[in-house]
> 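Please read through the structure below; I'll follow up with questions.
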Amino acid sequence: MKINDDFFMKLAINEAWKYQLLTYPNPAVGAVVVKKGEILSVEAHKKAGEAHAEVNALKTAYLNKNPESRLKMMKTSFEIHEYLIKNSDSFFEDCTIYVTLEPCNHIGKTPSCAQLLQSINIGKVIVGTNDLNKVASGGIELLTSSNIDIKSNVMKKECDELLFPFIKWQQGTFIFYKMAQTLNGTIDGGYISSNQTLAYVHTLRDKIDLLTIGGNTVRIDKPTLDSRFILGKNPDVLIYSKNKIFDKSIPLFSVPNRDVMISDDLFKLLNYKFVMIEGSYNLLEILSDKIDYLVLLVSPKMKMGLNITSTIELNFEIIHENYIGKEKIIFLRKIN
C-alpha cells in the first residue's frame with residue numbers, strides 16, 4: 001500500500017487550525033499517528049502549558065487499541081510520557097507520526113516530545129517544518145542520531161503558515177481583526193453569531209493581551225468586552241477615538257483588573273504581543289495596514305442592517321477555513 005504523506009500531513013494541519021490563536025504563546029501544532037495504513041489518531045496542541053500535539057496523538061493512538069488502559073485517566077504531559085515509556089512495549093515500532101512542527105527537544109512546562117518518540121522507538125517521523133526556536137529545536141537531530149526514520153519539509157509552506165502568528169508575536173506584535181457578519185454582509189443589529197461562536201470569541205479574548213475597538217462602536221453598543229462566557233481573563237482595552245469623552249457607565253469601564261485606554265495613537269498597539277481588533281468595515285479600512293490576519297465569522301443567515309460601504313477596497317487571500325458548529329470561520333491575509 002502506497003502511503004501518501006501529504007494526505008496525513010493535511011489532516012494534522014487541519015486539526016491544528018482548529019486551535020490557531022488559542023495556543024498563545026505557543027504555536028498551533030497538529031499530529032497524526034498511522035499504524036500499517038490505519039489512522040489511529042488526529043490531534044493537536046490545544047492550550048499553552050498542556051500536552052503538545054505529539055503527546056495527545058500518541059495517547060489517543062494507544063487508547064485506540066487499548067481502550068481500558070489507565071492512560072485514559074491521565075491529563076498531564078509528564079504522566080502520559082512516563083506511562084507510554086513504561087507500558088507501550090513495541091506498540092509504536094510500526095507506527096508513523098506526522099507532525100506539523102519539529103518535535104521539541106527541551107524540558108519546560110512539558111517534557112521533550114523528541115525524547116518521548118526516541119524512548120518509545122517510534123517507527124517513523126514525518127515533519128512539516130523545522131522549529132526556528134533555538135530553545136526548543138534539535139528534535140530532528142536527536143531522532144536521527146537514534147536511527148529513527150525521519151522525513152522533513154512535507155507540506156512545508158502550509159506548515160509555515162500555521163507558524164506565522166507565533167513568529168510574529170515572538171518577534172514583536174501579532175494583530176488580527178475579528179469581524180462577525182451574515183451571508184449578506186450585515187454586521188449590526190444585535191448578536192449575529194451563535195452561542196458556540198460567541199464562546200469562541202470569548203476564548204480569543206482570554207488569550208489576547210489587548211482588545212482594540214472603535215469609539216463609535218463603544219458609544220452605540222455599550223459593550224462589556226470581557227470573557228464571561230468562559231470565565232476567562234479580561235484583556236486590556238484600547239478605544240480608538242480622537243474624541244476622548246465617553247459615558248463611564250458603559251460596562252467595559254467597570255470590568256476589574258484591566259486597563260482601558262482612549263487614544264488614536266496606534267503605536268500603543270506595539271506595547272502588546274497579541275492584539276485583537278473588533279469593529280466595523282470603517283475601522284477595518286482605517287487599520288488595514290496594521291493587521292496581520294482578518295478573522296471573519298460568517299453566520300449562515302441573511303438579515304437587514306449595516307452592510308459594507310461602497311468605498312472600501314481591500315484585497316485578501318484566504319489562508320484557511322473551518323467551522324464552529326454551522327458557522328464558518330475564515331482566516332484571511334491582506335494582499336498589498
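For reference, positions follow the sequence shown, starting with 1.
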> Can you pull the side-chain hydrogen bond (donor to acceptor under 3.5 Å, both in side chains) pairs that have at least one residue in residues 246-256, sequence neighbours excluded?
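Pairs touching residues 246-256 that pass the test: Asp247-Ser249.
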> So, does Thr182 use its side chain to make a donor-acceptor pair with the main chain of Thr186 at under 3.5 Å?
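Judged by distance alone, yes, a pair lies under 3.5 Å.
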> Hey, mind stepping through Glu79 and Thr76 against side-chain hydrogen bond (donor to acceptor under 3.5 Å, both in side chains) and telling me if it holds?
CA-CA 5 Å; Glu79 286 181 312; Thr76 71; 3.3 Å; yes
> Go through the steps for Phe176 and Phe331 under the test ring-ring contact (aromatic ring centres under 6.0 Å, His included), then give the verdict.
CA-CA 10 Å; Phe176 71 100; Phe331 295 86; 8.5 Å; no
> May I ask you to decide if Leu162's main-chain N or O and Gln20's side chain share a donor-acceptor pair within less than 3.5 Å?
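Such a contact is found between Gln20 side chain and Leu162 backbone.
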> To the nearest 0.5 Å, what is the distance between CD1 (Ile330) and CG (Leu294)?
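Going from the CD1 atom of Ile330 to the CG atom of Leu294 covers 8.5 Å.
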> Would a distance-only check, ignoring hydrogens and angles, find a side-chain to backbone donor-acceptor pair under 3.5 Å from Thr100 to Gly30?
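Checked: pair present.
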> Do Phe246 and Val255 belong together in a cluster built from hydrophobic side chains that touch within less than 4.5 Å?
no
> For Met74, is there any backbone N or O sitting under 3.5 Å from a side-chain donor or acceptor partner on Lys59?
yes
> Are any side-chain N or O atoms of Asn234 and backbone N or O atoms of Asp226, one a donor and one an acceptor, separated by less than 3.5 Å?
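No; judged by distance alone, with no hydrogens or angles, the pair does not exist.
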> Taking Met276 as the starting point, is it possible to reach Ile324 by hopping between hydrophobic residues whose side chains are less than 4.5 Å apart?
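In one cluster with Ile324: Met276, yes.
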> Any side-chain to backbone donor/acceptor pair from Ser145 onto Leu142? Under 3.5 Å, distance only.
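Side chain of Ser145 to backbone of Leu142: a pair is present.
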> Under the criterion side chain to side chain contact (heavy atoms under 4.5 Å, CB included), I'd like the reasoning laid out for Leu287 against Leu284: C-alpha separation, chi angles, the key distance, then a yes or no.
CA-CA 5 Å; Leu287 302 183; Leu284 173 62; over 6 Å; no
> Does Tyr240 belong to the same Ile/Leu/Val/Met/Phe/Trp/Tyr cluster as Ile220, with side-chain heavy atoms less than 4.5 Å apart forming each link?
no
> State plainly whether the residues Glu15 and Lys18 are in salt-bridge range, i.e. N to O under 4.0 Å.
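Yes, Glu15 and Lys18 are salt-bridged.
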> With rounding to the nearest 0.5 angstrom, report the NZ to CD distance, Lys47 to Glu50.
5.5 Å
> Would you find a donor on one side and an acceptor on the other, under 3.5 Å apart, between the side chain of Ser241 and the backbone of Lys244?
no
> Which word best sums up how the rings of Phe91 and Tyr62 line up, parallel for under 30°, tilted for 30 to 60°, or perpendicular for over 60°?
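Ring orientation, 0 to 90° scale: perpendicular.
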> Side chains of Met9 and Val99: does their closest heavy-atom pair fall under 4.5 Å?
no
> Of all the heavy-atom pairs spanning Cys104 and Ser112, show the shortest one and how long it is.
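Here Cys104 and Ser112 meet closest at O-OG, 3.0 Å.
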> Any idea how His52 and His45 line up, ring-wise: parallel (<30°), tilted (30 to 60°), or perpendicular (>60°)?
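Perpendicular.
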> Quick one: do Tyr19 and Phe229 end up in the same hydrophobic cluster if we chain Ile, Leu, Val, Met, Phe, Trp and Tyr together by side-chain heavy atoms under 4.5 Å apart?
no
> May I ask you to test the Ile262-Phe253 pair for a side-chain heavy-atom distance under 4.5 Å?
yes
> When you measure from the side chain of Asp292 to the backbone of Ile175, do you find a donor-acceptor pair of N or O atoms at a distance under 3.5 Å?
yes
> How long is the gap from CZ on Phe7 to OH on Tyr98, to the nearest 0.5 Å?
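So the gap between those two atoms works out to 10.0 Å.
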> Could you check whether the rings of Phe174 and Trp169 sit parallel, tilted or perpendicular, using 30° and 60° as the cut-offs?
perpendicular
> So, is the end of the Arg70 side chain (NZ or CZ) under 6.0 Å from the ring centre of Tyr83 and within 45° of the ring's axis?
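So Arg70 doesn't make the cation-pi contact.
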> Taking Asn243 for the side chain and Ile245 for the main chain, is one N or O donor matched with an acceptor at less than 3.5 Å?
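Yes, because the side chain of Asn243 sits within donor-acceptor range (under 3.5 Å) of the backbone of Ile245.
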> Return a table of donor-acceptor pairs under 3.5 angstrom between the side chains of residues 119-130 and protein atoms on other chains or two or more places apart.
| from | atom 1 | to | atom 2 | distance (Å) |
| --- | --- | --- | --- | --- |
| Ser119 | OG | Gln115 | O | 2.9 |
| Asn121 | ND2 | Glu93 | OE2 | 3.4 |
| Thr129 | OG1 | Lys156 | NZ | 3.0 |
| Thr129 | OG1 | Asp160 | OD1 | 2.6 |

> Which pairs would a plain distance check flag for residues 207-218, meaning a side-chain donor or acceptor within less than 3.5 Å of a matching protein atom at least two apart in sequence or in another chain?
| from | atom 1 | to | atom 2 | distance (Å) |
| --- | --- | --- | --- | --- |
| Asp209 | OD2 | Tyr24 | OH | 2.9 |
| Asp209 | OD2 | Lys273 | N | 3.3 |
| Asp209 | OD2 | Phe274 | N | 3.0 |

> Can you tell me how far CG of Asn64 sits from OG of Ser41, rounded to the nearest 0.5 angstrom?
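Reported to 0.5 Å precision, the distance equals 7.5 Å.
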> Please report the shortest heavy-atom distance between Lys109 and Gly49, naming the atom on each side.
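In this case the closest contact between Lys109 and Gly49 is CD-CA, 4.2 Å.
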> Does the pair Glu161/Arg333 count as a salt bridge with the N-to-O cut at 4.0 Å?
yes
> Do Lys334 and Asn315 pass the side chain to side chain contact (heavy atoms under 4.5 Å, CB included) test, and can you show the C-alpha distance, the side-chain angles, and the key distance before you say yes or no?
CA-CA 6 Å; Lys334 186 170 176 284; Asn315 294 318; over 6 Å; no
> Would you say the side-chain atoms of Lys233 pair up with the backbone N or O of Asp206, donor to acceptor, closer than 3.5 Å?
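Answer holds: yes.
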